[in-house]
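Reading through the structure tokens given below for one structure.
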Amino acid sequence: MNHLRATTRAAKKFVKTGQQQQEAINLLKPKVCRVLSTSTDLESDTITASGPEIAVPAHSQVVICGGGIVGSSVAYHLAERGWSNVTVLEQGSLTCGTTWHSAGLIGRLKPSVTDMQMLDYSRCLYERLTNEGYGTGWKQCGSLNVARTKDRMVDFRRKHALAKTIGMEVHLIGPSEIKKMCPTLFTEDLVGGLWIPEDGVVTAQDVSMTLAKIAREKGVKIFEKVSVEKVVTKDGLVTEVVTSGGTIKCDFFVNCAGQWARAVGKKTVPKAVKAPLHPCEHFYLVTKPMKGIDPMMPVIRDFDGYTYYREWSGGILAGGFEPNAKPCFHKGIPEKFEFQLLPDDWDHFQILLDQMLHRIPSMQTAEVRQMINGPESFTPDSRMLLGKSPKMGQLEDQISNYFIAAGMNSAGVVGAGAVGKHIAEWIIDGEPSVNLWPYDVRRFVRLHNNRKFLRDRVPEALENHYALKYPREEYKTGRKLRCSPLHTRLEVAGAVFGETMAYERAMYFNNPDDETFGKESRPMWSWSKPCWFEPVQEEYWACKERVCLMDMSSFAKFEVRSRGDEATAYLQELCSNNIASEVGTIVHTGMQNKQGGFENDCTVARLDQNHYFIICPATQQTRAIAWLEKHLPGNGSVQVTDATSMFSGINIIGPHAHQLLADVSDFPTNKSDFRPMTVHLIDVGHASSVRAMRLTHTGEDGFILYIPSEYALHVYDTLMIAGKDYGVRNAGYYALRHLRMENFFAFWGLDLNDKITPLECGRGFRTKIDDPDYFIGKEALLKQRREGVGQRFTQLILDDFDVHQDLWPWGGEPIYRNGNFVGFSTTCGYGFTLEKMVCLGFVGERDANGKLVMQKNINDWVMDKGAKYEVDIAGVRFPARPGIYSPKITVQTLDPVFVPAPNRG
Amino acid sequence: MLNTVFRSSICSVPLRGTRFSPNKGLSCSKGATGLLVTENHEQGRNHSYFQLFHKLRLSQGPDPVESPRLTPHMVTAILRMNERTAQLSGGAVKEVQCNQLPANKPIEDRHVEGKLTGSSKYLFGVFDGHAGCACAQTLKDRLFQYMSVSMADLSLLNKLYQGREDVAAQLIEYLPTTTMEDVSPDLASIHWQSLFQFVNDSLDMQGMDTTVEEALTNAFLRLDQDISTEAGFHPGDEGLTEDLVNIAFSGAVGCVAFIDGLDLYVANVGDSQAVVGSHCSDSSTWEATNLSHKHDSQNEKEVKRLIRRHPNESSNILRGGRLFGELMPLRAFGDVRYKWQKRDLIHLSNLASKTSNFLTAYRDMKLPNNYRTPPYLDAEPEVMHYRLSPKDRFIILASDGLWDSDGMTVDKAVSLIGHHTEGQQVLGRYRPAEDSLLGGINSALKKRKEGLAKKAVDDNVATHLLRHALGLEHGYISAQLTLPEKLVRYYRDDITITVIHFDQEYIKNFGVLH
């Protein structure tokens, strides 16, 4: 190690003499490099607990647990916004967890625009700090992503199309250009690549120290060697934090403890906070200086070879995200794991090394400087973990001033800037400025925090970091957790399952009698026509012409009750539509936030005078209860319970549905006795107390039966037997999605989110905006009505699209109007009746800064005859025909008297 | 009592093939025939026997394969119960690994590992007893001493001649894999007297050149003769007589490997086997070399040898592949019932009918039909010499319990062990040497990867082989290990495995050093 130290000292000299930052090999000897870090003057100011006498402040507005780059960034951004009464607690030393061994790559190309904008913010922040004279190690060497397969190129072209819309400079290049740009690469097996000139690298530790230093200068107190022992909560609020250096009363607590976040969550009393993440071993290698390595060599990402490369002190730093990754610290992280690494594992690393030597052949003769195995935390879906600690189970509380910012999934350094910014917004403004739902802690349920589940899932999350993810590709590990009572029946019937909130839902059905069953003729996942196209087509037509059963058990269900009429008053405040109609009616309503956005989109059935049954999308299970409980009257007069597991849902959909239901129940199902949008408590087969609702979420006629779960199998079997002569069959979620898309129904989580208002999606008629009653978000909606909206939910029909040949749109495609970018598609699919590809999405005019322009008559603007729309699918622009109402052809006549004969084009 | 002992001796071959599938069981009549000999002396009723057996199994409850009664953890614990390992240095042998799995209760197999005291000449033996374990036990106690004496030089013989029992006890240094049981003082004294006589005779023979082969043969024959002679000449001491008679009337086969430098000798009597495993570096495959021949009716040479000695009895002595329709191996220690003169056997039988002591068990002893020209059996070993070369990596000694288990062949055993050792080589952490290049590291890692894929559950290679002999799936192994005591012998025999790993470096450098 001695020679290493010598080089480190040399490197230190470099820094002091103002030479290039990246010459510092501070990764290799953490204790030394901390001194060497540019923000050395921080050292003396940072308060380090040397004994029990250390005094933390008695009160702090915000207590941040964790002195890594995320914690420092949150502190920095709070301080920037003027919140200086902030305390950062670090159990070891700043950056000692995962930050110090980060490779420091700043690559911004991600599958979604929100991601890209966030990472771009981080990059700009680090660049700005560099320009202001702070040490960050920023080097704008660019990123060179290479593709080995055509499918990977599709992914690149899609990202290229996205990047263009936010003005990020990205170039699609061919293998020969790659070779020219980086001659050390082996390029003969490459199909193409992406060149992102403004990407770069930083020295993670320096960035982190700089952020901490600036925060300090603005008054943030940073304590090292002070650990959090207990986070005390009362009535859903953190009141104080007990630390090894004393107790701090606080208004907000932010858990930025990285791989320790789950353990820190457990220190909350009386009930633990859930932070579903698990450390995994991440490996990279640093070589000794090599000949011909340009200091400005771009960061190479060879996704298909699982690996990345950057120049490091004359050599190469190369790491990767391999299949069969190794989860670690399953039983907990050892004490004092500061500036430490895990033992190397060359055998495990070989799969990466093989790829490295393949991509950069000159590495064959390179010598090893060090092999790094640093633990990093991953989440079940490889997305960050941000937001308020939600209630994740009946017996828990949500803690509305407890924030989590962790689970960075190997993107901690590039993500930290934006995470700090948005968490600061969330704390100060009450909510972040962008839709952070993909990262929100509320996307999980309790079982996601199960340690064994996490251990089994995170290796896949690590692999996914570079693996090519096809649209709608499902996770393979940690499956079959939540299954409906019908699960095995559906499985036998050939169901192919997908997972939402760990709930297994039948996406489509293969015919188990078919010879090809189990042997997919085409790959399971694809960018173009998927293997499920034909099965879904069958199901679609069965729904249109006959009758289908769909298992809707995964939908989140809640019951709201009160003794007096408090429940009605409570829901009237939450819901933007009027739910106080007569008993037995069902109302579609949004629940808006103060800005008018959809916090939730649900169906409210009034079962009794003071008893409501609420059905929300499955993804809402944790989020909805958080919202519902947050607004409960303080006097306990209203009870809200999660009834998701108590009821199973069967959707009987199609023109024969009412006859079928009539056959097995005593209740008349003609349209006058059982009106659409009403609910009746009926008997089905031998089962009782079935909540039957006449609605389908798709526009077709039909019923959804919410059945006490123990009867579900009986009801299903009864319907299947009785329905034999009606041609009943199973249908899956894809069929449902295609039906509703064609009928232009928006779905929360896919089309709608907390930044979209009813007026923007054509649902103004479904609000009580003109009634005198107050509801949350009313002012915002009124204001929008006065001033106009910036975007409009639109159905775009692609007339010139070959469904069998062309690459499909999958949601997230840029939409152009007269050549100008106007928005993104949200969900897409084939309209089997229209016989056209259909995209749903939001369009709106943007100004030079990309901000939406408010328009009073946006419908006219959208439907302007002169407007030419195009949808950009992986670089190919398809002309599109806009619509803002359900197409007439697809909407069925709901004539109660006679059954329409099948009417097929 | 003796009857039952005899019966089990007669059935010393397991019912091969009658695993757990009825179809398979029916197809195998060879083993079943053996079973029937004492039942009714006729063939062809194996089907009904099988039905009986099938019924028995069903009465035990659910299918033991489908519903294993042992957990994987328990299976491993049972398989590893008897495993032994010893690391050695200074000779051609690097490591010895042994394991045993009983089918008989108590087990009738024995294994013993040792070296000639003060040398690096190794001796390894596997003995498979029948009709009880007495004879196998005596081989374990004495055979190596006999071998030591028969190869001893003058000074050692003189020392023995002047010395006492304790000198004999120091002839062999047993390896840690061997557990020696105490022998009763009376018995030990008889053993010493016989050995002393052997020492005496050897001193007389000194000066005559004997080869190692001859010395080994000599030791085997002498011990078998002593076992035979010792029985029945000790009036007044019933306990001792009982022991000696039991030793002589029970039997055992055995396979012994003697390694001196690069010379490997295998002396075999009966149906145990020794196989050398060699690695062909060109094709990176494993090659098996048999160093023993099974002495049973499948072995044509062996049958000829028997017939040659009893020319007019060919129709009688081999029935159903067995000696007198009873005994499977055609060479064995003990088993004086096929060696003694007719009158001696009748004498013993008469003696037994007059007494009321342990001999009553021999009262109803039936002589084999047409017992005319004994001895029909002997313990002359077939000795094979093999010169070790660097490609030779190990030798397996195992009782027929291993070789007769389903699907086990010498080639399979060798490749199982070969791959196991390849897997074993990569157990340690890989650390690249200072200054090594990534290309070289990658090649080394690739090689390790092949080994890692072959890495087995069991560190002990004998256990590894044992596991494979019982079946690959947990259900099968569990079923094998939970067979009711009265049934287990129909499925398998005692299994004893000794694997001796050679020291490649020693073999490579042998020429330089010597």
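Chain letters run A, B, ... following the sequence lines, proteins first, then strands; residues in each count from 1. Not measured: the values here are computed from a predicted model.
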Please state whether the side chain, the backbone, both or neither of A/P343 comes within less than 4.5 Å of a heavy atom of chain B. both
How long is the span from the CG atom in B/L438 to the CE atom in A/M290, to the nearest 0.5 Å? 8.0 Å
Grab the two heavy atoms, one from B/K446 and one from A/D354, that are nearest each other, plus how far apart they are. CE-OD1, 3.1 Å
Tell me, side chain or backbone of A/L357 under 4.5 Å from chain B's heavy atoms, or both, or neither? side chain
Heavy-atom pair with the smallest gap, counting every atom of B/L437 and A/Q364: CB-O, 3.4 Å
Closest heavy-atom pair, A/D344 versus B/R431, reported as atoms and distance to 0.1 Å, is OD2-NH1, 3.5 Å
Straight-line distance of B/N442 CG to A/L352 CG, nearest 0.5 Å: 10.5 Å
Side chain, backbone, both or neither: which part of A/I351 has a non-hydrogen atom closer than 4.5 Å to chain B? both
Roughly how far, to the nearest 0.5 Å, is CG of A/D347 from CZ of B/R429? 9.0 Å
